[in-house]
Amino acid sequence: MNTFENDQVARRYEELHELEADGVIAYPYSFPKTFDTAAARALFQDNAAERLQVAVAGRVVAIRRMGKASFFHLQDDSGRLQIYLKNDDLPNYDHLKLYDIGDIIGVHGFMFRTRTGEVSVHAQTVQMLTKCLVPLPVPKEETDEQGNRIVHDQFADKELRYRQRYLDLAVNPQVRDTFRKRAKIITTMRRYLDQRGYLEVETPVLHTMYGGAAARPFSTHLNALSIPLYLRISLELNLKRLIVGGFEGVYELGKNFRNEGIDKTHNPEFTMLELYVAYKDYLWMLEMVEEMLNEVVLAVNGSLHVKTAGGELNFTRPFRRATMHELIYEYTGHRIDGMDADALRAVANQLHIGVDATMGAGKIIDEIFSERVQPHLIQPTFVMDFPTEMVPLAKRHRSKPGLVESWELIVNGQELAPCFSELNDPRDQRERFAEQAKLRAAGDDEAMLIDNDFLYALEVGMPPAAGLGVGIDRLTMLLTGQESIRDVIFFPMMRPEEKRAAAENPDAADPTSPSEAAATDSERGEWEGGDRVE
RNA sequence: GAUUCCGUAGCUCAGCUGGUAGAGCAUCUGACUUUUAAUCAGAGGGUCUUGGGUUCGAGUCCCAACGGAAUCACCA
């Protein structure tokens with residue numbers, strides 16, 4: 001789509017030309033801003049001895065022209081502030097007719113309060129800083145008698161909001177708050193971990209062998225070595241290698257990539273914190289997570305009580321702790337301790353939970369748990385001690401046969417953070433990998449691969465260690481009250497709009513052009529072969 | 001991947017049993033020097049997502065494609 005086809009856009013280009021014809025530098029290099037709008041408002045005092053002079057800058061989000069005086073609302077990173085612009089004070093007042101909603105302007109002036117009581121800037125100079133060349137869908141706002149903010153014509157089209165997040169952010173400033181909170185969550189965690197002396201590290205995203213989680217990977221190809229590569233599905237194995245190497249506490253805040261479904265709790269790339277601490281076990285880590293989450297929740301929310309759509313979450317320590325078996329008994333009335341796969345299958349059938357003959361005991365327990373227990377765990381709950389086959393990288397329980405030392409923190413019915421005492425006995429790890437290989441052979445394409453280098457690392461010796469993962473996206477959802485992961489990721493994965501792309505980029509529709517030839521190896525192979533097979 | 005719903009002006013949305021496309025805001029012109037969802041008077045703006053079909057006639061009915069949302073399945 002050629003934007004000039006839109007007459008509103010064409011008009012704005014004309015206004016830009018008119019300004020430039022009048023000698024205005026439409027895209028200046030800087031502006032000597034002195035205050036955020038919020039700071040300017042905060043510093044203003046009625047009846048102050050001296051006028052408070054300010055220079056503010058931001059996007060114009062409302063214009064009310066009244067002939068030889070005008071009121072603009074300016075929006076910057078901190079909020080909105082009204083600007084009073086008066087013909088008598090501004091030599092370039094006539095230019096204001098060339099200003100539009102969406103333009104970014106700078107204003108020098110003094111703070112005052114209008115007759116109707118709104119703290120404003122009385123402009124002494126006004127300057128275009130960047131012309132907005134497309135119509136911006138800025139909603140109108142009013143404040144009712146109770147002081148509630150009422151938004152009219154809210155820009156709410158989710159597709160456009162996600163595809164063109166810059167518009168969403170520019171026009172719906174409350175969206176920026178969600179992402180500020182996300183940043184606060186991350187910086188608070190980082191500070192907490194740094195204060196304890198753990199080392200923040202970066203490990204490769206591109207793996208020659210993926211592992212550390214049960215998931216399908218993205219595949220890619222390294223031209224230089226002509227080998228297949230995978231985007232990492234977890235950070236786990238490389239971080240443990242660093243523990244082997246002698247670091248006693250390492251963490252990474254990074255992206256994982258899983259080639260699986262997309263819905264309101266899953267994005268193909270998502271952010272995890274993973275932490276490994278030597279000489280500690282999963283019980284120690286449990287205490288640490290409680291403490292860290294307390295700091296994070298307080299920093300972001302100001303209180304340990306977090307309001308959600310359905311009620312309130314209480315992050316006061318200690319969180320509830322219960323074993324998986326206890327919780328299954330609590331919510332289903334079945335005691336499954338010591339049951340074999342057949343007995344468990346009978347229980348599942350009784351509970352009308354679909355299980356098939358290929359499922360082992362661990363898988364059946366997992367099914368029962370996630371169907372009948374997990375959705376009910378609203379308040380923060382540590383679910384302890386999983387079946388061994390569910391967690392192939394966790395250490396066997398010191399006293400409970402058939403289980404591993406692990407827990408999963410569930411909040412609001414969602415898995416938020418897994419942890420275990422890390423398996424460091426290479427003999428056991430080899431066996432567990434072998435079990436995974438069997439599952440893989442039986443058709444489970446999410447089963448883990450055998451990582452011989454990792455086994456070798458364990459032979460070199462990894463001290464006892466506790467490992468933790470925290471899903472940053474989901475934690476952000478909880479603490480910002482967002483129900484979709486897309487609302488806590490700036491640019492969530494969206495299906496490309498093929499037809500529009502083809503119309504705008506003719507090359508994409510031309511099979512002989514370089515851009516198409518570079519599309520994928522498999523397609524290129526077909527083209528090089530001459531006739532395309534479809 | 002399955003099912004249901006949705007796609008109309010820059011934005012938010014109407015549009016009945018099929019009969020030349022509507023509103024508010026935004027935009028444009030004019031009035032207005034403390035307004036605030038400013039107001040008042042006038043004007044312009046649409047390949048109704050795309051492609052087929054039925055029909056004298058399709059925004060409306062049918063089929064398909066594209067995109068989105070919700071629910072389910074898989075997964076964290």
> Measure the distance from CD on A:E159 to P on B:U49 and round it to the nearest whole Å.
13 Å
> Quick one: sort the A:Y13 and A:H17 rings into parallel, tilted or perpendicular, breaks at 30° and 60°.
tilted
> Considering only NZ, NE, NH1 and NH2 on the basic side and carboxylate oxygens on the acidic side, decide whether A:E15 and A:K131 come within less than 4.0 Å.
yes
> Any side-chain N or O of A:R64 less than 4.0 Å from the OP1 or OP2 oxygen of B:U39?
no
> Nearest nucleotide by nearest heavy atom, which residue falls closer to the 5' end of RNA chain B, A:H122 or A:R486?
A:H122
> Mind checking the P distance from B:C61 to B:U17? Whole angstroms is fine.
9 Å
> Answer yes or no: does a side-chain N or O of A:K140 lie under 4.0 Å from OP1 or OP2 of B:G24?
no
> May I ask whether A:F270 stacks on the base of B:A76, given the cut-offs of 5.5 Å between ring centres and 30° between planes?
yes
> Indicate whether the side chain of A:R182 and that of A:Q482 have a donor and an acceptor atom separated by less than 3.5 Å.
no
> Kindly point out which of B:A37, B:U34, B:G67 is positioned nearest to the side chain of A:E142?
B:A37
> Examine the base of B:C74 for any acceptor or donor lying under 3.5 Å from a partner atom in the side chain of A:D263, and report the outcome as yes or no.
yes
> Considering only heavy atoms and no angle criterion, is a donor-acceptor pair shorter than 3.5 Å present between the side chain of A:E118 and the base of B:U34?
no
> Nearest to the side chain of A:F155, heavy atoms from C-beta on, is which of B:C11, B:G10, B:A37?
B:C11
> Does the side chain of A:R65 get closer than 4.0 angstrom to OP1 or OP2 of B:A31 through an N or O atom?
no
> Measure from the side chain of A:R11, starting at C-beta and using heavy atoms only, and say which of B:C32, B:C28, B:U12 lies closest.
B:C28
> Is A:R113 near enough to B:U34 that one of its side-chain N or O atoms lies under 4.0 angstrom from OP1 or OP2?
no
> For the side chain of A:D157, counting heavy atoms from C-beta on, which of B:C32, B:G68, B:U12 is nearest?
B:U12
> If we take the C1' atom in both B:C11 and B:U27, what is their distance in whole Å?
12 Å
> Measuring from the side chain of A:E15 (C-beta onward, heavy atoms only), which nucleotide among B:C28, B:A37, B:A76 has the closest atom?
B:C28
> Return no unless some side-chain N or O of A:K264 is found under 4.0 Å from OP1 or OP2 of B:U71.
yes
> Could you work out the separation of B:C16 and B:U60 based on their P atoms and round it to a whole Å?
11 Å
> Which heavy atom of A:A123 sits nearest a heavy atom of A:V107, and at what distance?
CB-CG1, 3.7 Å
> Which nucleotide, B:A76, B:G68, B:U35, lies nearest any side-chain atom of A:M66?
B:U35
> Distance criterion of 3.5 Å, no angle test: do you see the side chain of A:D153 paired donor-to-acceptor with the base of B:G24?
yes
